[in-house]
Amino acid sequence: MRIFSGIQPTGRKHLGNYIGAIRQYVEGQERGDPALFCIVDLHAITVAYDPEDLRQRLYDTTAILLAAGLDPARCVLFRQSDVHEHTELSWLLGGVCAHGDLNRMHQFKEKSAAQRELVSAGLFFYPVLQAADVLAYRAEEVPVGEDQRQHIELMREIARRFNERFGETLIVPEHRIPEVGAKVMDLQEPDRKMSTTVGSDSGRVYVLDEEKAIRKKFGSAVTDSGRDIKRGEGKQGIANLIGILSAARGVSEESVEAEFEGAGYGDFKKAVADGVVEYLRPVREAYPAIRSDEQGLEAVLAAGAERARELASVTLADVRSAMGVGPA
Ligand code: AMP
Ligand code: TRP
C-alpha cells in the first residue's frame, strides 16, 4: 500500500496535528510500501511569511516528526521543494482542474479572508499542488484530519478527469481520516477546530508544551454548566476532552464515558491533562537533541528527496507522454 501525506512547516504543531495526522503517519509507516511524508514548504509560501522563519520552522517540523517516531529507514521523509516533480505536475494538472472546483474550497475562503495584504494566486492554486503531491507517487492512501476531506475529494476528481481525458495514468487515492480525533477542537472555543492561526494560545496545546503549560490549559478548558461526562447536544467542550483522552490512551470514547460516570469536571480535566502529558512525553523528550542537529536533519531530508524523486519521475514521464508534452 503506497501512503502519502503532507504537513505544513508553519507555526508550531499542536495536539490536533498530532492526533489527527502525525500519529497516523507513525502507524502508516508499518503498512506503507513505501509511506512518504512531505514537509510542504511550497504550500507555506502562499500566505504572508518570513523567509528565515520558514527555514527554521521546516527544521522544527522535521524534528517533531522524527521525535514522534518516523524512522527514515522505514519511511520516506522529505522536503517538498527538493523534488521539482511536484511543481511541474501541479502545472500539468492545472489543465484538468476546474476553476469552479477551486472556487468552492473552504480552506481558500477561510485563508483568503484572513489575509491583510495580498490574496495570492498561489493560495487559490494550493489544492492543485496538493493533488500533485499525492498523485506524483500514485499513492493509494492519504492520512489526514477532517479539515482536508475536501482537498482529497478534489484530488480524486483531478485524477479521474485526467484518466478520462488522457487514459489510465493516475491512481485515485483514498483519504484515511481517524474515527476519533479527526477534528480536535479549541479548548477555549470548542465549536472551532484547534488551529495554529486562529484563537489564542490558551486554546491550543502544542506538542512541545511543558507539563505545566499542558495542565494549565486543560485546567481552564471551557466546558458547560451541566455535570455529565458524556457526548451530546451542547457538550462540545466535554466531547472534545473525551475524544482527546480516548486518543491519548488508545481506548474508545465509550470506555472514557463509563470510567468517568459520576465524576466531577475538575477531576476529569485533571485526568485528561495527565493522559496528554504522558502521551506527548516521549516526543517532548526526544525533540531537543534531534532539533539541534541541523546537519543531521538535512541529511535525512536529502536522502528522502532522492528516494522520492525516483518514484515521482516515473509518474511524470508517464503524465508528460500521455499529455503530449515534450518529445515522444
Ligand atoms: P497542517 O499543519 O495544516 O499542515 O495540518 C497537518 C495535518 O493535521 C493535516 O492532516 C490536518 O488535517 C491535521 N489537522 C490540523 N488541525 C487539526 C485538528 N484541529 N484536529 C485534527 N487534525 C488536524
Ligand atoms: N494542505 C494540507 C494541510 O493544510 C497539507 C498538505 C499538502 C497535504 N500536501 C498534502 C496533506 C498532500 C495530504 C496530502 O494540512
Side-chain angles (χ1 to χ4, degrees), residues 3-32 34-44 49-83 143 145 181 184 194 196 201 204-218 244 247-250 272-308:
I3 298 175
F4 184 100
S5 198
I7 184 164
Q8 300 212 51
T10 40
R12 299 193 272 158
K13 294 297 134 185
H14 54 68
L15 189 61
N17 298 131
Y18 193 78
I19 294 177
I22 298 173
R23 70 173 171 147
Q24 295 201 84
Y25 302 171
V26 176
E27 178 268 332
Q29 67 183 345
E30 307 304 326
R31 291 180 299 113
L36 301 116
F37 302 106
C38 179
I39 303 161
V40 296
D41 53 347
L42 298 177
H43 278 112
Y49 76 102
D50 174 69
E52 183 46 33
D53 193 53
L54 175 62
R55 206 163 273 130
Q56 293 304 318
R57 296 293 89 80
L58 189 127
Y59 290 140
D60 295 351
T61 305
T62 309
I64 286 198
L65 294 176
L66 292 169
L70 285 190
D71 172 2
R74 288 185 296 155
C75 71
V76 181
L77 178 61
F78 69 105
R79 170 170 48 207
Q80 187 183 36
S81 62
D82 286 343
V83 182
V184 175
M194 190 177 286
T196 324
D201 258 6
R204 51 184 167 252
V205 171
Y206 293 110
V207 174
L208 299 176
D209 266 348
E210 295 296 336
E211 195 169 327
K212 218 171 119 194
I214 297 178
R215 292 188 188 286
K216 190 162 172 224
K217 289 173 186 178
F218 280 108
I244 290 172
R249 286 193 184 168
V272 179
D274 286 342
V276 171
V277 164
E278 289 317 313
Y279 186 48
L280 297 178
R281 183 185 300 283
V283 191
R284 191 166 60 244
E285 290 182 351
Y287 179 83
I290 299 173
R291 175 63 179 86
S292 63
D293 179 12
E294 290 187 0
Q295 273 185 356
L297 295 172
E298 279 295 350
V300 166
L301 294 171
E306 200 169 316
R307 291 182 61 201

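Atoms considered below: every heavy atom in the structure, side chains included; atoms not considered: hydrogens, waters and symmetry mates. Predicted, not measured: the structure shown is a model, and the values here were computed from it.
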Minimum side-chain heavy-atom gap Val40-Ile7 below 4.5 Å: no
Qualifying residues under side chain to side chain donor-acceptor pair (under 3.5 Å), relative to Thr10, sequence neighbours excluded: none
Pairing residues for Tyr25 by the ring-ring contact (aromatic ring centres under 6.0 Å, His included) criterion, not counting sequence neighbours: Phe37
Heavy-atom side-chain contact between Glu278 and Arg249 under 4.5 Å: no
4.5 Å side-chain heavy-atom contact, Leu15 and Asp209: no
Results of side chain to side chain donor-acceptor pair (under 3.5 Å) for Glu52 - residues two or more places apart only: Gln56
Residue list, ring-ring contact (aromatic ring centres under 6.0 Å, His included) with Tyr18, at least two apart or on another chain: Tyr279
Arg307: salt bridge (charged side-chain N to carboxylate O under 4.0 Å, His left out) partners, not counting sequence neighbours: none
Residues that Arg215 engages under side-chain contact (heavy atoms from CB on, under 4.5 Å), provided they are two or more places apart: Glu211, Ala273, Asp274, Val277
Step-by-step side-chain contact (heavy atoms from CB on, under 4.5 Å) determination, Phe218 to Ile244: CA-CA 11 Å; Phe218 280 108; Ile244 290 172; 4.1 Å; yes
Nearest heavy atoms of Tyr49 and Leu54, plus distance in Å: CE1-CD2, 3.7 Å
Partner residues of Asp50 under the side chain to side chain donor-acceptor pair (under 3.5 Å) criterion, sequence neighbours left out: none
Considering all heavy atoms, the nearest Ala35-Gly28 contact: CB-O, 3.9 Å
Contact list for residues 52-74, test ring-ring contact (aromatic ring centres under 6.0 Å, His included), sequence neighbours left out: none
Over all atoms of both residues, closest heavy-atom pair of Leu208 and Arg284: O-CD, 4.0 Å
Asp201 with Arg12: basic N within carboxylate O range, under 4.0 Å: yes
Reference residue Arg79; test side-chain contact (heavy atoms from CB on, under 4.5 Å); the match among Val300, Asp41, Thr61: Asp41
Minimum heavy-atom distance between Asp82 and Ala305, given as atom pair plus value: CB-CB, 3.7 Å
Residues which pass salt bridge (charged side-chain N to carboxylate O under 4.0 Å, His left out) with Asp53, listed by chain and number, not counting sequence neighbours: Arg57
Over 12 non-hydrogen atoms of neighbours within 6.0 angstrom of CZ in Arg55: no
For Leu66, side-chain contact (heavy atoms from CB on, under 4.5 Å) partners two or more places apart: Thr62, Pro72, Leu77, Ile290, Leu297
Trace of the side-chain contact (heavy atoms from CB on, under 4.5 Å) decision for Leu36 with Ile3: CA-CA 6 Å; Leu36 301 116; Ile3 298 175; over 6 Å; no
Point-to-point distance, once rounded to the nearest 0.5 Å, from OH of Tyr206 to CG of Asn17: 10.5 Å
Shortest non-hydrogen separation from Ala67 to Ala286 and the atoms involved: CB-CB, 4.0 Å
Partners passing salt bridge (charged side-chain N to carboxylate O under 4.0 Å, His left out) against Arg291 (at least two apart in sequence or in another chain): Asp60, Glu294
Set of salt bridge (charged side-chain N to carboxylate O under 4.0 Å, His left out) partners for Glu210, sequence neighbours left out: none
Side chain to side chain, Val283 and Ile22, heavy atoms closer than 4.5 Å: no
Closest non-hydrogen atom pair, Cys38 against Phe4: CB-CZ, 3.5 Å
Main-chain N/O of Gly20 paired with Gln24 side-chain donor or acceptor, under 3.5 Å: yes
Check: Lys13 side chain, Gln8 main-chain N or O, donor-acceptor pair, under 3.5 Å: yes
